[in-house]
Structures are given as structure tokens and as C-alpha cells.
Amino acid sequence: MFKNLVIVESPAKAKTIEKFLGKDYKVMSSYGHIRDLNKKKFSIDIDHGFAPIYEIPDDKKQLVAELKKAVKSAEIVWLASDEDREGEAIAWHLCEVLGLDPATTRRIVFHEITKNAIEEAISHPRAIDLNRVDAQQARRVLDRIVGFELSPVLWKKIKPALSAGRVQSVAVRLIVERENEIKAFRSESYYRVNATFLDKGGAPVKAELSRRISDKDSAVKLLDDCAHASFSVKSVNVRPVTKSPAPPFTTSTLQQEASRKLGFSVTQTMMVAQKLYEAGYITYMRTDSLNLSSLALGAIASEITGKLGERYLKTRQYHTHSKGAQEAHEAIRPTDISSSSISASIQEQRLYSLIWKRTIASQMSDAEIEKTTVEIQPSTRDEHFTATGEVINFDGFLKVYIEGNDDDADETDGDLLPAMTAGDTLEASAVTATERFTQQPPRYTEASLVKKMEELGIGRPSTYAPTISTIQARDYVEKGEKEGSERKYNVISLDGGNITDKVKKEVVGSEKGKLIPTDIGVVVNDFLTRYFPSILDYDFTARMEEKFDDIAEGNLAWNKEIAMFYELFHPDVDSALNMRLEHKVGERVLGVDPHGKQVSVKIGRYGPLVQIGDGDGDEKPQFASLLKGQSVSTITLEEALKLFEFPRNLGTYEGSEVTVAIGKYGPYIKHEGKFVSIPKDMAPAAITLEEAEELIKAKRSAESKRVVKTFDEDPEVQILNGPYGPYISCRKSNYKIPRTVTSPEALTIDECRKIMEEQNAAPKKSARKYTKKK
DNA sequence: CAGTGAGCGAGCTTCCGCTTGACTT
């Protein structure tokens, strides 16, 4: 028996605040939402005011039972879910399910987990805000309608099991449109001219010409002019600049910075952050707030003054400018700022250190920098050279943390310049014109896509990472694997009066980890933007958010707004479903084959394919899948016809046939009933018998390493090497080697038998379904 | 692991936002 029951969203939070509240309070967690629409059914009663039909999912039933029991034995129930739209709805669902009265149940909120904030919240309970709950219901119902009406259109018109939604479809659109910009981009070359001058004392001054030179002839001419010029200082300009620190982390900026500085994927960042949160090292990691609690501000201030001195402190409160931010939590910060490092896994330490530095820096003074610009005039030309130098007079926050940058800028200013005054003469020791190329727009990375999504207000901190996984799982987008390629460029130098011309090489255009649309992504996007332009509009979410705000204010009725939307949206769905097109969506006719039959490419049930014959006559068409790296939009007739040359017989090796074929998992070589995959960088159409033999040999040697140990006593028991490390195999059954075993190769047959027995005896835990791709 | 894609037919797939498990032979 206890007096008070407090329900929060997160179990880690429950643990923390239970400590603050004392023994009269029991704190439990709802683990997020406890009710939702059915996972598979539409669950919206369109004819009755779009009433949502909620249910408690199976994996929440036990939790709900426990909450019900706790409610019975409590005198007062406090609903302390987050102070945002979803939190309000969670509180309301709790009332509905637990049989509490929304009008009288005490609803409390706190933005920070401190004793003061919690006591303050307890002393100011309010009722549930039903208008805000309605805004959440509108959001939920809208997303269900869009997702569950649009996806089936794609199943019918393009390919089964595809999906569309308010957030994911716009994310895909961003990536497809960026790719289109890149395709339309034509790189141009120009010359950048750098020079090193020497002052009277022989000190070097690095400078760059104030304008770009468009072509090689002009560059040579300029260098020639410089060879016959004298140089003098035209002007010296010194001005102070200040730099301010970046605000503390939100989910989005943490994902970006962990990607730039630690090379983490957004999922990885969130997994590591979750660990840190559960261990009590950091505050909540799914947040859009820049706010730091007053307690935290005080602790950070004393940390800075104590370690670095008063001069480095500048207390700042940041305010978010993000669209749709709901600020239910604090910014992401260490819970104990006096710990600059923690003992945990390497990844956890690195992420923690990043958060610690960013948090400290956000409360530090501006850096004070003196920027010097010197203009250097050649006697033979109108344009001048510019040298810039920086002197840091006071480092401020730079002492601790510098924010990363997405574009790989190759500017280098910040050199120290020798003292110069106008009229000084300088001597040119070297002038170099380097060929450069205008840059195509950069492809999105996971992190830069999150940044863009946040700017547009689509998605929430809890969904950035899952959305990026979804669009990859649906094969709309994939991460680039191509390393960069070599490019040649000219370097023309003037050195000691002679002009020399060299060709250098650089590696550019690496696509590793960049998001690139697939054929399916492109076709789905073209289809959706054409037939559902309003949903795919970048401002759709922002406009809906305004409606939700009005609903939350009590100025609009949620189901009327949904009805208005539905009246416009649903007819578009119907007409898209029923339209008849001459060609399948995304189909492209390449021409005719030698027999005069039509050759076309399109998206089939299993992905992109080529088809010979249009199926009009009696003859059955022929099909072949496109290879990885080939695209519906760029494949030529010739390349398409080559795909029908498989399986290809290469000849014989060790007396048996060697054939090349295209399978479900890509191109492969078949020999004596064994399959050998062909690596991505080899063209299956051009592979030779010799190359195939090499691959077969390589596969055999890998195979021989697979067996770690066999036993004379029992040939059916083997220790094998698998992707997760060594394991025991016996008659098609596999057994995990316990973690306590340090050297599996030393296991005896008896030990193996014991391990197998134990695992056979152990009740097989209800095998969780693993949604494995392919 | 290693084609499958029409001409039968049924049944399945799918959204966004809150939360954490239990799981890797």
C-alpha cells in the first residue's frame, strides 16, 4: 500500500525521480504509448467522425495489468508523461485504460529532472488538456490515412510491400531531387592562383589572387605578368572578430556531430546515447530542446570557473528556431558535468566526451580574434592578391570544442602574418595557378538528411533514425559504396622566373556512405509527386502543424479538419487506383531486339527487370533482372540484351563445366554443384575461365578455414567459424559457445556434448521474429 | 543461398511517434 502513484514515460526516468520523491511515492513507467490503432487494420471509422479505434497491443497487456493493480492500491495517481502532444495523449490513454477521470486526475509536467522541478510540479497539478489530446489524435489519424491509403496504391501500380507516408516519402524526395541536381550539374574548371611573397626580412606571406582565372591561357599570361612585376602592399586592414560557441546538443545535432567527428551512423549514435542515458550519465537523448536546467547551468558555471577561470565563463540560454519543436525535455547534457570522462565502452566514452565538451563550450566566452587582410598589388596587373591572417587574442570556447563542418572546405586561412604597412615592397618567391573544378551539390549523408528534415519540420527526434532505416529497408535509397575516382588537374608554377606546367592527380567523388536513390525510389517518387503533389510538398507537414496548433488551442475541431483533408485526398487515391496507363509506371521502351521484338525496362515484382516481347501475341515474354549498378533510367539496349546471355558456359575446369549465371543474390559461378559469388567489381559478362578458376580456388581456401575443429570420437560434431564467431555444429543443428569459453579451439568432445545438452534442455525462448531482409 | 516476373486465386504487405527489450545460429 502506498499513497501516491506517479506514471512517467521512461523507466530510467522513473528510477531517478523515485529517489527524489521519497517513500510515499511509487513511480512507474508507461514505456511510451500504451494504446494505438491496430497494426494491420485501418482502424478509423470514417463514417463516424473519423473515430479512431484503439487497442492495447499484446506486448503491453501485462504492463497495463500491472498499472491497473497499482492504481487500485494508490490513493492519488499523478500522470507525469512529457509535456508535448504525444505526452498529453499518453496521459489521456492512461486515464481511459486505467479508469481514471481525465477531469480530476492530477496531470503534472516537468522539463528537467531536479528535486525542485519535481516538487514544483507536484504542487501545481492540472487537468488533462483534451484539446491537445485532440491535436495528437488528428496527427495520428492523418498519418494512418495517408500511410494506409497511399501504400496500397503503390502495391497495385508499382510493386507489392512498398510504403508511403507523410515523412518517409518526403525524405526520399529530398534524396531523389538532389540526385537530379547532380545529374544536371556540369563541372567547370577554373584556376586558383596562390603566391608566396617574401618581405624585406625574408618572412613568407601566403596570398591568393582576388579572382578566379577561367582558363589555362589566361593563367599562363598572369604568371608571365607576375614574372615581370614588382609587388607592393596596397592596404592593411585589421579588424576584430568574435566567434560564439554552438548551442548544446539536441538529437539532430548530436547525430550530425557524431557522424562528422566519430563516424557514427544515426542509429549507432542513438544506441550508444541510450546506453549512456540508462546508466545515468546523460539526460534524455530524444529531444529538440536547447534548454539547460538552472541547476545544470550553475554546475557548468562552477566547472568552468574552477578549471579555467572566471574569464572563460559566459552563461547563455539558447532558444530553438526549429520548426515544430515541442521542447518537452532539456538539451542533451551530462548529468554530472564535473565528470569529464566516464568508465564505459570506447564508443560510450567517445560520445560522452563529445557531449561533455559541447555542453561546457556552450557556456563559455566568445573567442576574440584579430583578422588581418593585406592587399598586395602587382605592378603589371589590375587585380591584386589577398593575404589573410588570424591572431587569436582570447581563445574562449575554442579551448574546449569546435563544431564540425559538413563541406570539406579546403581554405586555409589563419596563418600568422608578419607586420606590414602600406607601400612596403615584397618579392614573389613562387606563384602557382592550380586547376580547380566547380563542385556538384553534395549527396546527403544520414546525418545531413536529418538536418534537412529538421529544417523542414518533418519527423521527430524519436523517428529520425527509424525513418532513415525504413527508406533503406524499402529499397528506395541505398548507401553508396563507390570509392572516389582519379582526376587529373593542371598546376602551372612560376618559380625563379620560369613557368613550368605539371599534371597532378587527385581522388574525388567518393560516394561511401552517401544516400543514393535506387530505381524503385526514383519511380515511386516520380509517381507520388505527380499524383499526390500536396502530400509530397515540402511544406505539407508545416501547414498541418499549424492546424494541429489551432486544434490544441481549441479553435478547430480535429475531426472536421481531418474530414476536409479526406475529401480532397481520397478521390485522388481512388482515381490513381483506377487509372489505366499504356505503360506500367516507370516503364521505358529501349527499342527492339534482332527479331524485332520490343525491349523494355521497368520495376517488376522483385525489382528492376528487362522484358523482351510485349506479351500481345501468343509468345511469352522473356525476363531478366538488372544487375547491381545498372539502372532503369540509364541502361542501353545493348546492355539490356546482354543480360539474356546467361547462363554462360566458360569451359571446363578439373573436368567439369564452369558456368556463369545471375541468381537471386547476384551473379555467381557454378562448378561441380558449388556456387561461388562474383565480386561486385567484376563484370559477369566479361569474366574469363582463368578468373573463374581463381575465384573457385579462393572460395575453397576460405572454406577450409571454416572448420575450426573436428573430433575423431564423433565426426558429426564440428566447431565451425561463422559470421558471429565460432559455434558448434551437429547434424544441422547449431549451438552457441558460452561466453565463458575463451578458446573454443581447445574444447573437448565432452565439453561440446555438455554445451549441446544444456542448450537442448533449455526451453526454447519464444523465437522472436526477425525481420530479415532478403 | 543461387529465378522468380502472364494468362488461375487468396492472402499478405503499409503509416508516425512514444518507449524499451531480448536476440543473434
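Sequence lines set the chain letters: A, B, ... in the order given, protein chains first and strands last, and positions in each chain run from 1.
Residue A:Q611 is out of contact with every strand shown, counting any heavy-atom pair closer than 4.0 Å. In this structure, A:I145 reaches neither bases nor backbone, as no heavy-atom distance under 4.0 Å exists between it and the strands shown. Using a 4.0 Å heavy-atom distance criterion, A:Y284 is classed as a sugar-phosphate-only contact. Looking at heavy-atom distances under 4.0 Å, A:A164 makes contact with sugar-phosphate atoms alone, never a base. The residue A:G673 sits apart from the nucleic acid: no heavy atom pair falls under 4.0 Å. Note on A:A624: a base of the nucleic acid sits closer than 4.0 angstrom, heavy atoms only. The residue A:R166 sits close only to the backbone: its heavy atoms come under 4.0 Å of sugar-phosphate atoms, none of a base. Among the protein residues, A:D59 comes within range of no part of the nucleic acid, since none of its heavy atoms lies under 4.0 Å from any strand. Using a 4.0 Å heavy-atom distance criterion, A:G666 is classed as a base contact. As judged by a 4.0 angstrom heavy-atom cut-off over every strand, A:G165 is placed among residues touching the sugar-phosphate backbone only. At a threshold of 4.0 angstrom between heavy atoms, the contacts of A:S677 include nucleobase atoms, whether or not backbone atoms are also involved. Looking at heavy-atom distances under 4.0 Å, A:V167 makes contact with sugar-phosphate atoms alone, never a base.
From A:I46, atom CD1 reaches atom CD1 of A:I145 across 5.5 Å, with rounding to the nearest 0.5 Å. Note: A:N559 CG to A:Q137 CD = 9.0 Å, rounded to the nearest 0.5 Å. Annotation: the span from A:F548 atom CZ to A:W558 atom CH2 amounts to 10.5 Å, rounded to 0.5 Å. Of the inter-residue distances, the one linking A:R286 atom CZ with A:S252 atom OG reads 15.0 Å to the nearest 0.5 angstrom.
The distance from atom NE2 of A:H671 to atom P of B:dA2 is 19 Å, rounded to the nearest whole Å. Rounded to whole Å, atom P of B:dC16 lies 14 Å from atom CZ of A:F42. Residue A:L63 contributes atom CG, which lies 11 Å from atom P of B:dG21 at whole-angstrom precision. The NE2-C1' distance, from A:H329 to B:dG17, rounds to 12 Å in whole Å. Rounded to whole Å, the distance from OH on A:Y31 to C1' on B:dT19 is 9 Å. The CG atom of A:D84 sits 14 Å away from the C1' atom of B:dC16 (whole-angstrom rounding). Taking atom CE of residue A:M285 and atom P of nucleotide B:dG17, one finds them 16 Å apart after rounding to whole Å.
Annotation for A:M285 and A:Y277: closest pair SD-CB, 3.6 Å, computed over non-hydrogen atoms.
Taking only side-chain nitrogens and oxygens, A:S10 comes nearer than 4.0 Å to OP1 or OP2 of B:dT20. The phosphate of B:dC18 (OP1 or OP2) has no side-chain N or O of A:R35 nearer than 4.0 angstrom. Dashed line: the shortest gap from a side-chain N or O of A:R474 to OP1 or OP2 of B:dC15 is under 4.0 Å.
In this structure A:E149 satisfies the salt bridge (Lys or Arg N to Asp or Glu O under 4.0 Å) test with no other residue, sequence neighbours excluded. With sequence neighbours excluded, no residue satisfies salt bridge (Lys or Arg N to Asp or Glu O under 4.0 Å) with A:D572. Take A:D36 and apply the side chain to side chain donor-acceptor pair (under 3.5 Å) test, not counting sequence neighbours, and it matches A:R140.
Residue A:Y668 is the one, among A:Y668 and A:P152, whose nearest nucleotide of DNA chain B lies closer to the 5' end (criterion: closest heavy atom). The residue among A:D614 and A:G147 whose nearest nucleotide of DNA chain B is located toward the 5' end is A:D614.
In the set B:dT14, B:dG17, B:dT20, B:dG17 carries the atom at the smallest distance from any side-chain atom of A:T463. Side chain of A:Y606, nearest nucleotide from B:dC16, B:dT13, B:dG5: B:dG5. Distances from the side chain of A:W155 to the nucleotides B:dC16, B:dT13, B:dG3 place B:dT13 closest. Listed nucleotides: B:dC15, B:dC18, B:dC16. Nearest to the side chain of A:T470: B:dC15. Comparing B:dT19, B:dG5, B:dC15 by their closest approach to the side chain of A:F148 singles out B:dC15. Minimum atom distance to the side chain of A:S151 is reached by B:dC15, of the listed B:dC16, B:dT19, B:dC15.
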What's touching nucleotides 10-12 of chain B from the protein side, N or O pairs under 3.5 Å?
none

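The base of B:dC18 is not paired with the side chain of A:R460 by any donor and acceptor separated by under 3.5 Å. A donor-acceptor contact under 3.5 Å is formed by the side chain of A:S625 with the base of B:dT4. A donor and an acceptor atom sit less than 3.5 Å apart, one in the side chain of A:R140 and one in the base of B:dC15.
Ionic pairing of A:K275 and A:E348 is not present here: no N-O contact between side-chain nitrogen and carboxylate oxygen is shorter than 4.0 angstrom. The pair A:K159-A:D475 does not count as a salt bridge, with every side-chain nitrogen at least 4.0 angstrom from each carboxylate oxygen.
For A:K157, the NZ atom sits in a packed shell: over 12 heavy atoms of surrounding residues, nucleotides or ligands are nearer than 6.0 Å. Within 6.0 Å of atom NZ in A:K642, 12 or fewer heavy atoms from other residues, nucleotides or ligands are found, so the atom counts as exposed in its surroundings.
Listed by residue number, there are no residues of residues 539-546 of chain A with a heavy-atom contact under 4.0 Å to DNA chain B. For DNA chain B, the neighbouring residues in residues 271-279 of chain A, judged by any heavy atom under 4.0 Å, are A:Q274, A:Y277.
With no hydrogens or angles considered, a side-chain donor-acceptor pair links A:E672 and A:S656 at under 3.5 Å.
Among A:H111, A:Q326, A:K13, the single residue meeting the side chain to side chain donor-acceptor pair (under 3.5 Å) criterion with A:D82 is A:K13. Under the side chain to side chain donor-acceptor pair (under 3.5 Å) test applied with A:S600, the options A:Q611, A:R588, A:E587 reduce to a single match, A:E587.
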